[in-house]
Amino acid sequence: MRRALGLIGVTALAVACTQGGSAQPSGTRAPSRSPDVTADPGPIRRERLLVLMDDGNVVVVRADGEDPRRLTEFASDGVTVEVRHPVWSPDGRSVAWAELEIGDQGARPRIVSTEPNGARRTEFPLDTGAFFLQWDPTSSRIAYLGNFQGSVGMGVAGRAPIGDPVATTLGIGRPFYLSWAPGGLELLVHVGDATLGRLDLEGELRDIGDAPGIFQAPVWLTDGRMFYATVERDRQTLVVREGDRLRELVEFEGAIEFVVDPRGERIAYRVDDGAGPGGVEVVDTMTARSQIVSTSPTVAFQWSPGGERLLLLTPDEDGGTGAHRWLVWDGEEARRVGPAFVPSPSFLRDYVPFYGQFAQAMTPWSPDGGAFAFAGLIGDRAGIWVQDLRAADPTFVLEGGSVVSWSPTPTCRPSVDCASVLSETTVFDAAGGMPFFEQLVGRFYEGVAGDPVLRPLYPDDLAPSTRHLTLFLAQYWGGPTTYDEERGHPRLRARHAPFAVGPAERDRWLVHMRAAVATMAPPEPIERALVDYFEMAAEAMRNRD
């Protein structure tokens with residue numbers, strides 16, 4: 001079933017900071033609290049911390065506290081700027097945050113993106129004040145959520161397209177949760193208490209056919225599997241969908257919160273049965289067997305980048321008012337790490353109630369999983385701390401920080417293991433640059449030219465189509481942005497809309513593209529990334545049953 005998305009939910013749950021229709025700002029301008037930082041856009045190391053300061057400034061800093069740099073550029077006196085949710089792009093080459101500028105001319109909401117050194121600043125004007133951002137897996141566009149027309153608006157901002165930067169509202173509902181598709185062309189959305197579907201970049205929704213249970217954010221992994229909760233009659237289950245196949249993992253009563261490890265092998269989950277958050281269990285996605293991680297009430301939990309450890313935040317009754325502790329589970333036991341501390345109020349208020357959603361956009365973990373960062377008060381020192389798992393106590397990094405996330409391993413791409421492959425280059429470079437994509441597309445169109453199903457869909461002269469696809473794929477995988485410069489935003493579904501693309505056309509297109517990839521014989525991780533993307537894109541372009 002396909003329909004335009006414009007849905008108003010009636011459930012009492014709300015996405016981050018939307019209770020009562022107003023969001024508490026994570027930071028508001030107060031320059032006297034700014035750290036001693038530089039805004040000089042010189043070279044920097046990629047592995048850094050992204051920090052939202054108490055005064056609303058956004059800062060990047062090394063994990064040892066050295067070389068802090070302020071990215072925010074506030075206007076003149078008389079203007080207040082509220083800043084929310086700074087996030088890294090998956091490739092670690094950009095950051096973005098939401099701003100709401102309030103002055104004599106009224107309110108001006110926008111998304112701002114820059115490189116980690118402050119260079120290449122881009123502003124995306126919005127029609128709603130955003131409170132949540134999430135980059136797509138290709139690091140080329142940003143999904144956002146914000147208060148809109150008395151509900152929650154969701155949209156996508158393109159990353160520096162030709163002409164003026166553009167952000168487009170695609171849907172409305174309350175609450176609104178999302179997870180990007182592997183190739184960044186769709187989102188899996190959970191809206192209100194009745195909608196669970198795939199939303200494309202033109203705002204068109206395809207129901208996936210399951211009624212949502214009581215949960216928050218779904219998860220769409222790079223291998224195509226989807227994880228969400230569904231309900232049939234009065235029975236709720238956490239499930240995994242693989243194509244048309246649905247498998248049950250956990251039956252539960254109440255509301256479930258969950259995070260999926262990066263490999264999709266295990267899911268950590270917590271059930272609130274009405275008495276408040278409970279402890280955490282982990283279920284194996286293949287066997288559906290669960291094991292208890294901790295029986296202590298847990299307010300937030302997140303997997304390390306490799307999925308070998310689980311970080312848990314639990315209240316500490318012996319540590320004083322508001323005290324919490326970190327636990328780290330290694331697959332066998334959950335042990336205390338570091339001292340008791342009081343988490344920052346911004347983190348507890350704006351992030352913890354919806355951590356399953358925020359965990360998809362940011363991480364406290366270092367890329368190697370050997371340390372994590374957090375904001376809080378220990379003794380009389382409040383700010384950003386880094387806890388090495390081998391150390392008894394954390395290291396103080398920066399004073400006045402309220403929220404922190406660690407930069408990801410550079411150059412993550414769909415279905416590529418960023419911890420071991422392409423750590424310092426793009427798929428475009430690793431595959432061989434433009435000659436590789438020119439040959440790949442050339443071989444693809446050799447197959448199309450003789451295909452009786454596909455050939456009628458193309459013009460007599462295949463040269464323009466060959467050039468367009470070459471430029472698009474090169475740009476998508478990290479090469480030159482010539483496609484955007486010549487043709488503007490890709491708008492793939494809109495460009496394919498005039499043509500009847502059904503299962504037969506999709507399958508024939510995949511036959512020739514898989515064959516073209518195979519004849520190029522790229523390294524296995526490159527081949528896997530390309531084929532995964534083409535399989536996803538081919539289905540996304542289908543507009544006929």
Side-chain angles (χ1 to χ4, degrees), residues 5 7 9 11 13-28 50-52 56 58 81-90 94-100 109-113 124-137 139 141-159 167-181 184 187-192 199 215-220 257 259 300 302 344 346-364 375 402-405 408:
L5 181 62
L7 306 168
T11 179
L13 291 174
V15 138
C17 315
T18 62
Q19 295 93 331
S22 63
Q24 293 292 326
S26 297
T28 301
L50 179 63
V51 180
L52 178 60
V58 176
V81 179
E82 298 177 357
V83 177
R84 300 185 180 100
H85 198 210
V87 288
W88 291 98
S89 63
S94 301
V95 299
W97 62 90
E99 289 186 358
L100 180 63
R110 57 181 173 257
I111 291 172
V112 179
S113 71
F124 301 88
L126 303 179
D127 52 12
T128 178
F131 50 73
F132 172 81
L133 306 181
Q134 184 176 343
W135 289 85
D136 81 316
S139 300
R141 55 186 68 89
I142 306 165
Y144 59 89
L145 297 171
N147 297 316
F148 186 75
Q149 297 180 356
S151 190
V152 177
M154 175 266 163
V156 171
R159 184 184 181 187
T168 305
T169 300
L170 299 179
I172 304 172
R174 181 185 292 272
F176 207 123
Y177 302 97
L178 57 89
S179 183
W180 276 104
L187 300 106
L188 179 60
V189 297
H190 173 206
V191 189
L199 179 69
F215 77 110
Q216 293 185 3
V219 175
W220 198 342
E257 181 88 355
V259 290
Q302 189 158 355
S344 81
S346 294
F347 180 74
L348 287 177
R349 179 189 64 227
D350 298 341
Y351 290 73
V352 162
F354 315 96
Y355 203 75
Q357 179 70 83
F358 282 96
Q360 297 187 50
M362 57 188 291
T363 182
S402 60
V403 180
V404 59
S405 62

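A quick note: this is a predicted structure, and the numbers were derived from the prediction, not measured.
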Next on the checklist: Test side-chain contact (heavy atoms from CB on, under 4.5 Å) on Met154 and Leu199; report intermediate values, then the result.
Outcome noted: CA-CA 11 Å; Met154 175 266 163; Leu199 179 69; 3.7 Å; yes
Checklist entry - So Ser346 and Tyr351, side-chain contact (heavy atoms from CB on, under 4.5 Å) or not? Walk me through it. => result CA-CA 7 Å; Ser346 294; Tyr351 290 73; 5.6 Å; no
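The closest side-chain heavy-atom distance from Trp97 to Arg84 is not below 4.5 Å. For the pair Val51/Val58, no side-chain contact is recorded, criterion being any heavy-atom separation below 4.5 Å from C-beta on. Val152 places none of its side-chain heavy atoms less than 4.5 Å from the side chain of Ile172. Looking only at side-chain heavy atoms (C-beta outward), Gln302 and Thr363 come within less than 4.5 Å of each other. Phe124 is not listed as a side-chain neighbour of Val112, based on a closest heavy-atom distance of 4.5 Å or more. Counting heavy atoms from C-beta on, the side chains of Val156 and Ile142 never come closer than 4.5 Å.
Under the 3.5 Å distance criterion, with hydrogens and angles disregarded, a donor-acceptor pair is assigned to the side chains of Asp127 and Thr169. No side-chain donor-acceptor contact under 3.5 Å links Tyr355 and Glu257.
The distance from the CG atom of Leu126 to the CG atom of Leu100 is 9.5 Å, given to the nearest 0.5 Å. With rounding to the nearest 0.5 Å, the separation of CZ in Arg110 from CD in Glu99 is 4.5 Å. Between the CG atom of Leu348 and the OG atom of Ser402 there is a distance of 11.5 Å, given to the nearest 0.5 Å. Atom CG in Leu145 sits 9.5 Å away from atom OH in Tyr177 (nearest 0.5 Å).
The backbone N or O of Met362 lies less than 3.5 Å from no partner atom in the side chain of Ser405, so there is not a single donor-acceptor pair. Of the possible donor and acceptor atoms, none in the side chain of Ser89 sits under 3.5 Å from a partner among the backbone N and O of Ser139. The backbone N or O of Gly173 sits less than 3.5 Å from a side-chain atom of Ser151, completing a donor-acceptor pair. With hydrogens and angles ignored, the 3.5 Å screen pairs no side-chain donor or acceptor of Trp220 with any backbone N or O of Leu178. Using modelled atom types, one side-chain atom of Asp136 and one backbone atom of Arg141 make a donor-acceptor pair closer than 3.5 Å. Gln360 places a side-chain N or O within 3.5 Å of a backbone atom of Pro218 that can act as its donor or acceptor partner.
In plain terms, the two heavy atoms of Ala157 and Tyr144 that are nearest each other are N-CE2, 4.0 Å. When all heavy atoms are compared, the tightest approach of Ile111 to Ala96 is CG2-CB, 4.4 Å. Closest of all the heavy-atom pairs between Gly150 and Arg174 is O-NH2, 3.6 Å. Taking all atoms of both residues into account, the shortest heavy-atom contact from Ala98 to Leu133 is N-CD1, 3.7 Å. The heavy-atom pair separating Pro137 from Trp180 by the smallest distance is CD-CB, 3.6 Å. Nearest heavy-atom pair across Pro86 and Leu50 is C-CD2, 3.5 Å.
Proximity of the aromatic rings of Phe176 and His190 is defined here by a centroid distance below 6.0 angstrom, and this criterion is not met. Close placement of the Phe358 and His85 rings is indicated, their centers lying within 6.0 Å of each other.
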